[in-house]
Amino acid sequence: VLYRLESPLQGENGEYFFLGTAIFAFAYWRAMRFAAWRYRLNHTLWRGRRLRVEGSVAAYFLRAFGWGTASAISLGLAWPSAQAALNRYMLRHTHYGSHCFEFVGSSAILTSRGIFLLPAWLWSRILLIICILAIWVCNKALNENMLKMLDDEWAGSVADAAGRSMMGYSLVVVVLLPIVAFAYPRFVALTWKWQLEGVRFGEAYVTSGLKLSSFMGIYFVFYAFVAGIVLLTLLAWSTLEWWYADEPMYLVAAFYYCAIAADVAWSWLFAPRFWATVIRSLTLHDPVLLSVIATKAFPVHGQAFAKLPE
């Protein structure tokens, strides 16, 4: 849609339209996650009592949009505060019986624990996306001017500059890919440990034994699956003679084929191992609640536990 849509802002301000669209998409994604959380917990019973989530999806969306804008303006410095604020809103509106959950995690704790990891992940991801988009733009400029270079000397210069730029951006992508691949599993472990240890339910809380390397094996096997999916898609693409087509819908279709296949592989093969690693790392701290759980096993029914391993 963005490829077909022109910015309503004129001149140099046109880029702000696409930046706002990206922030809107991020806020919408976060709001849909909150809606899914609310639906699952509202359909979950534990010990005969229903979990209940209040709060408005629209209000959560506005908060996510505001914090996304602050994170973009501050170049990522406000991201830990955004995560803490959104988690506080979500858990403050989550109830079990007459009690509600709380989130006491501090953005300062997250920042201190990930003083090097957070910038490495956030900035390498942003630079990787920018470089991939730049490669696509340079490739388009190269293909357009290659046809004109025999009759137009200026087109030849543009094609040469586009080719050199594409090679430079490709080298940057080669450097950034290993950084992103190593940083992301450690980033996930860091944020999950921080979120779990920040949850409170009365006097009960948990500590997590997750290490930064806890998810490395799971994610690197998943990377291998994704690489295989991409190679198969490229093979099918070249077989169907789409490789030299200018129609961007072919790119969109190939992207969605890869995304759907990767999502199915993650949901069926890797998500159960991920959740098992998370749950095994938890230690519950509440003597009264521990004694109740130790004496009797209570049935759990509902959507919130549908994807958890037994």
Please check if the side chain of [X] supplies one atom and the backbone of [Y] the other of a donor-acceptor pair under 3.5 Å.
X    : Y    : answer
W194 : S106 : yes
R50  : N42  : yes
Y257 : T233 : no
R113 : L190 : no
E197 : S208 : yes
S267 : V264 : no

Original post:
Is the F24 ring parallel, tilted or perpendicular to the Y28 ring (thresholds 30°, 60°)?
Top reply: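 F24 vs Y28 ring planes: parallel.
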Original post:
Going by atom types alone, do W37 and T94 pair a side-chain donor with an acceptor below 3.5 Å?
Top reply: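 Side-chain D/A pair, W37 to T94: present.
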Subject >> Shortest non-hydrogen contact from M216 toward P185 >> reply: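 Looking at all heavy atoms of both residues, the shortest contact is SD-CB, 3.6 Å.
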Subject >> Pairwise distance CZ(R63) to CZ(R30) - rounded to 0.5 angstrom >> reply: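 The distance works out to 13.0 Å.
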Original post:
Which value, rounded to the nearest 0.5 Å, describes the distance between L196 atom CG and T283 atom OG1?
Top reply: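 The OG1 atom of T283 is 11.5 Å from CG of L196, to the nearest 0.5 Å.
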**OP:** Kindly check if the number of other-residue, nucleotide or ligand heavy atoms within 6.0 Å of CE (M32) is above 12?
**Re:**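 Buried by this count: over 12 neighbours within 6.0 Å.
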**OP:** Taking atom CZ of R164 as the centre, report whether more than 12 heavy atoms of other residues, nucleotides or ligands fall under 6.0 Å from it.
**Re:**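 Incorrect, the count does not exceed 12.
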Original post:
Hey, do the aromatic rings of F222 and F225 have their centres closer than 6.0 Å?
Top reply: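 Not close enough - the centres of the two rings lie 6.0 Å or further apart.
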**OP:** Answer with yes or no after comparing the ring centroid distance for F274 and F215 against a 6.0 Å cut-off, counting only values under it.
**Re:**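 Between F274 and F215, the centre distance is under 6.0 Å.
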